[in-house]
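The structure under discussion appears below in the form of C-alpha cells.
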Protein chains: 2
Amino acid sequence: MPTEALTRRARRAARPGPGPTAAPGLSARDRAYQDLRHRILTGRLAPGTTLLETELAALLGLSRTPVREATIKLAEEGLIDIRPRHGITVRTVSPEDVRDILDVFSALEIRAVELVARRGLTDEELAHLQQMLSRMERLTAAGDIARWSDMDDDLHSTIVALCGNPRLLRTLGEYWGQQYRARLLILPLRPAPVQSDLEHRAMLAAIAARDVEAARRTHQQHRDRADAQQVELLRARLGSGAA
Amino acid sequence: MPTEALTRRARRAARPGPGPTAAPGLSARDRAYQDLRHRILTGRLAPGTTLLETELAALLGLSRTPVREATIKLAEEGLIDIRPRHGITVRTVSPEDVRDILDVFSALEIRAVELVARRGLTDEELAHLQQMLSRMERLTAAGDIARWSDMDDDLHSTIVALCGNPRLLRTLGEYWGQQYRARLLILPLRPAPVQSDLEHRAMLAAIAARDVEAARRTHQQHRDRADAQQVELLRARLGSGAA
DNA sequence: TCCCTTCGGGCTGTATACATTGCGCGGCGG
DNA sequence: CCGCCGCGCAATGTATACAGCCCGAAGGGA
C-alpha cells in the first residue's frame, strides 16, 4: 500500500487547516472535527465503527460538548450517522450512495469549470496546469496509478479553486469528502487512465480558449464516464471482497 | 395532491399565523433551528440584526446549548455570521452573494431536472405539473405576480423532488433558503413572467419526452435568464431604496 | 491631541451536572 | 418454548458552572 500517498492525501483531507501540526490555537471543536474527519477519511475509523459520545470524547481527550458539536457537523456532511441511544456510526460507502454523491459533485464541478472558463486563465495558471497534465501523462505511462490519482485530485481542485465562488467551493469540499473513501477503495482496480488524460487536455484547451460551452461539454463527458467507471469498480470491489 | 406541495413550501418558508407555540416532540435544538430560520427568512429577524447567544437563548426561552447548536447549523447554511465576542448577525443579501448562490443553486437544479428526465414522469405527475403551469399562466394573465412567484417555487420544488437523490435535495434546500429573501425583496419589481411560462412549458415537454439533453438545455436557459434578471432587479432594488 | 498601555468586564468556549427517555433484559404468562 | 410486559439503567439532550480571552475604555505620556 502506498502509505506515503495516503499521508499526502490525508493532509489534504483536513483541507482548511494549516498543516499536520498539533493544531495550537484552534478551538477544541475544530480540533475534534478535523481529527475525526481525518480519521474517517484515512480509514483509521473504519466504516461501521460505532462509538458513544462519551467514548469519542475520551478518545480525543475532550469533554462531550465540543465533540458533540463536531459530530453534528460531520453528520451533516454525511460522514457519520447519529442514532440516538445507539451511538455514532461511521457511514459505509455503498455504490448507490456514491452514485448520488457523484451526481451532485459532478454538477458542482462542471459549474465551477464553466465559471473558470468564463473568467479565463493567466499565463502562469495555464502553464502550471499544463505541467500537471504532462506529469500525469508520464505517470500513466509508468503505470503509477496511485500517484496519478493523487495528481488527479490535485488537478481538479486546482482548477475549481479558480472559480471565485466560495460557497461553491465549500459545498464541493463537502461532497469531495464523501466520495474520497470510495476513490481510495477502488484505486487498485483502476486501469491506465489514458482516456482521462485525453479528456483533461480537451478540458484545459476549452477553458484556456474561454469557451464556456465547450468546457461544460468536455467536462461533463469526462465526469460522466469517470463517475460511471468509479461506481462500477466500486460495485466490483464490494461484490468481490470485503469493505 | 396539489396541496401537499403547497404545504411543504409553506412549512419551509412562511407561516406567520399560529406562531411558535406548537412544539410537538421536537428537540429544543430543532425548535431553535426552525424558529430562527423561520424568523430570518420571513424578515422578522432583519438582515444586520446582531444578538448575543444569551439574548437568543432568552428570546427562544431555552438555554444556550441548543441555541448554540442551532446557530452553528444556520451559520453553515449561510444565513447568519458568528463573530466570536461580537454576537450573531443575520446576513444581508448582496447582489454578489446572490449571484454566487444562484450559480450553485441553478447547477444543482439543472442536475435534478436531468435526473427527472432520465427517470420519466408518471401520467399523474405529468398531469399535475401541467395543471400547475396552466394555473401559473392564468396568474400571469391576471397580473398576480405574488401568487405566481409562490407557484413558481412550488413548481420547481415539485419537479426536483422527483429526482430521487436525497443529498441533492438537501443541498438544494440549503441554497434555496439562501436565495429566498432576495426573491421576496424583488417581488414587487418583477415584470409579467411571460417568458418563464414559455420556458416552463418547454422544460416540461423535454422532461416528459425523457430527453435529458433537451431538459438540461431548456432548464439552463431558463435559469440563466431568470437568475440574471433576479440579480439585476436586486441590484436595482438595493441601489434605489433601503436594504 | 493622539497614541500606547493597562485594566476590567463580559462573552464565548468548555466542562460538568442534571433530567429525560428509550432500549434491553429478565421474568411471567400462555 | 415463545412472546409480551414492565423495570432499571445508561446515553443523550439540556441546563448550568467556570474560566480564558478579547475588546474597549480610560488614563498617562510624548
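Letters A, B, ... are given to chains in the order of the sequence lines, protein chains preceding strands, and every chain is numbered from 1. All values derive from a computational prediction rather than experimental measurement.
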(request) Inspect the contact between A:Glu114 and A:Arg118 and indicate whether a charged nitrogen and a carboxylate oxygen are less than 4.0 angstrom apart. (result) no

(message) What is the distance, to the nearest angstrom, from the CZ atom on B:Arg83 to the P atom on D:dC22?
(response) 16 Å

(request) Return the value, rounded to whole Å, for the distance between atom CD1 of A:Ile72 and atom C1' of C:dG13. (result) 15 Å

(request) Round to a whole Å and report the spacing from CD of B:Glu69 to C1' of C:dT14. (result) 13 Å

(request) Please report the shortest heavy-atom distance between A:Thr158 and A:Asp154, naming the atom on each side. (result) OG1-O, 2.6 Å

(request) Measure from CG on B:Asp30 to C1' on D:dT14 and round the result to the nearest Å. (result) 13 Å

(request) Would you please name every residue forming a side chain to side chain donor-acceptor pair (under 3.5 Å) with B:Glu76, sequence neighbours left out? (result) none

(message) Is a donor from one side chain sitting under 3.5 angstrom from an acceptor on the other, for A:Arg83 and A:Thr50?
(response) no

(message) Among residues 49-68 of chain A, which ones have heavy-atom contacts with DNA chain D below 4.0 Å?
(response) A:Leu52, A:Glu53, A:Arg64, A:Arg68

(request) Round to the nearest Å and state the distance from B:Ile88 atom CD1 to C:dT12 atom C1'. (result) 10 Å

(request) Rounded to the nearest angstrom, tell me the gap between atom NE2 in B:His86 and atom C1' in D:dC22. (result) 8 Å

(request) Could you state the atom-to-atom distance from CD1 of B:Ile82 to C1' of C:dT12 in whole Å? (result) 11 Å

(request) Mind listing the closest non-hydrogen atom pair of A:Asp100 and B:Pro166 along with its distance? (result) OD2-CD, 3.7 Å

(message) Check this for me, if you would: do A:Arg223 and A:Asp227 make a salt bridge, where the nitrogen-to-carboxylate-oxygen distance has to be below 4.0 angstrom?
(response) yes

